[in-house]
A.B. asks: 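Can you read through this structure? Questions will come right after.
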Amino acid sequence: MESTWHLSHAHAHITIFFDEEKDEVIVKWTGHMNAEDVLMAAKAYLGLQEKWKCGKLLNDKSHVTGDWEDANNWLEYEWLPEAVQLGLRRFAHVLSPDFQQVASAKDMIERFSEHCEAALFWDLEQAEKWLHRPADAPQDSSSATQEPKQKDKVHKAG
């Protein structure tokens with residue numbers, strides 16, 4: 001089974017892979033992102049998800065800069081319905097310390113939470129825990145939609 005996709009160019013590197021042991025798809029971003037990069041990676045994910053049918057997606061943007069909010073309409077109306085149809089159930093997004101992208105990420109999660117469980121995190125480990133919690137576990141809403149003033153998770157789950 002094909003398990004990895006890479007995109008590298010002058011300003012960014014994106015890797016998408018399926019971790020069979022954890023039963024999750026991981027999208028790892030580094031560099032300076034823009035809306036075009038997001039669209040390319042999202043389209044690649046859909047092609048791979050047709051094979052994987054994995055319900056969990058860990059979107060790790062903890063090592064990027066840039067604003068990609070221009071992609072959010074396309075993600076909501078074009079990408080998300082197909083991703084959900086292909087099995088996406090939980091979407092964990094790990095934020096970068098670059099505050100430029102926080103608004104883009106919060107906007108995206110608000111849109112996504114209508115169709116699947118979606119949450120923002122500052123910490124990769126917390127995102128993993130949330131992604132793999134039992135389906136009947138109560139959802140932690142103690143830090144839901146907080147302004148990111150500290151390195152705690154920002155959490156908005158549907």
Side-chain angles (χ1 to χ4, degrees), residues 1-8 11-33 37-38 41-42 44-46 48-49 51-69 71-72 75-76 79-80 83-84 86-158:
M1 172 187 330
E2 183 179 352
S3 61
T4 304
W5 176 87
H6 296 282
L7 170 69
S8 288
H11 66 276
H13 181 80
I14 307 160
T15 303
I16 303 172
F17 62 98
F18 178 50
D19 186 327
E20 291 186 61
E21 189 174 305
K22 291 183 179 181
D23 189 32
E24 69 184 17
V25 174
I26 300 168
V27 183
K28 180 74 176 164
W29 306 75
T30 56
H32 187 78
M33 297 291 109
D37 297 323
V38 171
Y45 164 83
L46 290 175
L48 295 166
Q49 179 68 349
K51 298 174 187 125
W52 297 335
K53 306 285 189 215
C54 182
K56 299 176 208 88
L57 176 57
L58 179 62
N59 196 43
D60 183 2
K61 286 192 175 177
S62 59
H63 294 95
V64 300
T65 59
D67 179 28
W68 38 269
E69 191 166 2
N72 281 352
L75 288 169
E76 178 183 11
W79 180 83
L80 186 59
V84 169
L86 292 171
L88 178 65
R89 299 293 172 256
R90 289 186 183 164
F91 180 89
H93 182 94
V94 182
L95 292 160
S96 166
D98 174 26
F99 284 94
Q100 182 181 12
Q101 67 166 266
V102 172
S104 300
K106 287 178 82 172
D107 176 56
M108 178 187 67
I109 291 300
E110 287 293 324
R111 295 167 183 243
F112 281 23
S113 63
E114 296 289 321
H115 308 280
C116 67
E117 291 181 77
L120 294 175
F121 300 89
W122 288 111
D123 181 78
L124 184 60
E125 185 177 318
Q126 291 300 313
E128 288 269 359
K129 284 181 184 177
W130 177 84
L131 202 59
H132 293 284
R133 76 191 191 294
D136 59 352
Q139 295 195 28
D140 172 17
S141 59
S142 61
S143 58
T145 63
Q146 287 181 358
E147 286 302 312
K149 297 176 185 166
Q150 57 208 0
K151 290 284 182 174
D152 292 331
K153 71 179 178 180
V154 177
H155 182 145
K156 169 70 176 155

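As the structure is a computational prediction, the values presented were derived from the model and not from experiment.
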A.B. asks: What are the two closest heavy atoms between Ser96 and Val64, and how far apart are they?
C.D. replies: OG-O, 2.7 Å

A.B. asks: For Pro97 and Ser62, which heavy atoms make the closest approach, and how far apart are they?
C.D. replies: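 Heavy atoms of Pro97 and Ser62 come nearest at CD-O, 3.4 Å.
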
A.B. asks: Between Ile14 and Trp5, is a side-chain contact (heavy atoms from CB on, under 4.5 Å) present by the stated rule, with each step listed?
C.D. replies: CA-CA 8 Å; Ile14 307 160; Trp5 176 87; 4.0 Å; yes

A.B. asks: Can you tell me which residue among Val27, Val38, Val94 is in a side-chain contact (heavy atoms from CB on, under 4.5 Å) with Lys61?
C.D. replies: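 Of the listed options, the one satisfying the test is Val38.
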
A.B. asks: So which atom in Met33 and which in Thr30 form the shortest heavy-atom distance, rounded to 0.1 Å?
C.D. replies: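 Minimum heavy-atom contact is CE-O, 3.3 Å.
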
A.B. asks: So, does Arg89 use its side chain to make a donor-acceptor pair with the main chain of Val84 at under 3.5 Å?
C.D. replies: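 Yes.
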
A.B. asks: Mark yes or no for whether Glu76, through its side chain, and Met108, through its backbone, hold a donor-acceptor pair below 3.5 Å.
C.D. replies: no

A.B. asks: Supply the atom-to-atom distance Gln49 CD to Lys51 NZ, rounded to the nearest 0.5 angstrom.
C.D. replies: 11.5 Å

A.B. asks: Output the distance between atom CG (Leu95) and atom CG (Asp123), rounded to the nearest 0.5 Å.
C.D. replies: 11.0 Å

A.B. asks: Decide, yes or no, whether a salt bridge links Glu125 with Lys129 under the criterion of side-chain N to carboxylate O below 4.0 Å.
C.D. replies: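 A salt bridge is present here (some side-chain N lies under 4.0 Å from a carboxylate O).
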
A.B. asks: Keeping Asn72 on the side-chain end and Ser104 on the backbone end, is there a donor-acceptor pair under 3.5 Å?
C.D. replies: yes

A.B. asks: Quick one: do His63 and Lys28 satisfy side-chain hydrogen bond (donor to acceptor under 3.5 Å, both in side chains)? Show the steps, please.
C.D. replies: CA-CA 9 Å; His63 294 95; Lys28 180 74 176 164; 3.2 Å; yes

A.B. asks: Verify side-chain contact (heavy atoms from CB on, under 4.5 Å) between Arg111 and Leu75, making sure each step is shown before the conclusion.
C.D. replies: CA-CA 9 Å; Arg111 295 167 183 243; Leu75 288 169; over 6 Å; no

A.B. asks: Trp52 vs Phe18 aromatic rings, parallel, tilted or perpendicular, using cut-offs 30° and 60°?
C.D. replies: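 Answer is parallel, since the angle falls under 30°.
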
A.B. asks: Using 0.5 Å steps for rounding, measure from the CG atom of Leu88 to the CG atom of Leu57.
C.D. replies: 6.0 Å

A.B. asks: Considering all heavy atoms of both residues, which atom of Asn59 and which atom of His93 are nearest to each other, and what is their separation?
C.D. replies: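 Heavy atoms of Asn59 and His93 come nearest at ND2-ND1, 2.9 Å.
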
A.B. asks: Tell me if a side-chain donor or acceptor on Arg90 pairs with a main-chain N or O of Glu117 at a distance below 3.5 Å.
C.D. replies: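 Judged by distance alone, no pair lies under 3.5 Å.
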
A.B. asks: Taking all heavy atoms of Glu69 and all of Asp107, pick out the closest pair and write down the distance.
C.D. replies: OE2-OD2, 3.7 Å

A.B. asks: Under the side-chain contact (heavy atoms from CB on, under 4.5 Å) criterion, do Glu114 and Leu80 qualify, and how do the steps go?
C.D. replies: CA-CA 10 Å; Glu114 296 289 321; Leu80 186 59; over 6 Å; no

A.B. asks: Are the side chains of Trp68 and Asp37 in touch, meaning some heavy atoms are under 4.5 Å apart?
C.D. replies: no

A.B. asks: Can you tell if the side chain of Glu24 reaches within under 4.5 Å of the side chain of Leu131, non-hydrogen atoms only?
C.D. replies: yes

A.B. asks: Compare all side-chain heavy atoms of Leu124 with those of Leu58 and state whether any distance is below 4.5 angstrom.
C.D. replies: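 Heavy-atom side-chain distance check passes, below 4.5 Å.
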
A.B. asks: Over all heavy atoms of both residues, which pair between Leu46 and Leu86 is shortest? Give the atoms and the distance, please.
C.D. replies: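 Closest approach of Leu46 to Leu86, heavy atoms only: O-CD1, 3.6 Å.
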
A.B. asks: If you count the non-hydrogen atoms of other residues, nucleotides and ligands that lie under 6.0 Å from NE2 in His32, is the total more than 12?
C.D. replies: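 Atom NE2 in His32 is packed in, count exceeds 12.
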
A.B. asks: I'd like to check the ring-ring contact (aromatic ring centres under 6.0 Å, His included) partners of Tyr45; sequence neighbours left out, ordered by chain and number.
C.D. replies: Trp79

A.B. asks: How long is the straight-line distance from CD1 of Ile16 back to OG1 of Thr4, given to the nearest 0.5 Å?
C.D. replies: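 Those atoms lie 10.0 Å apart.
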
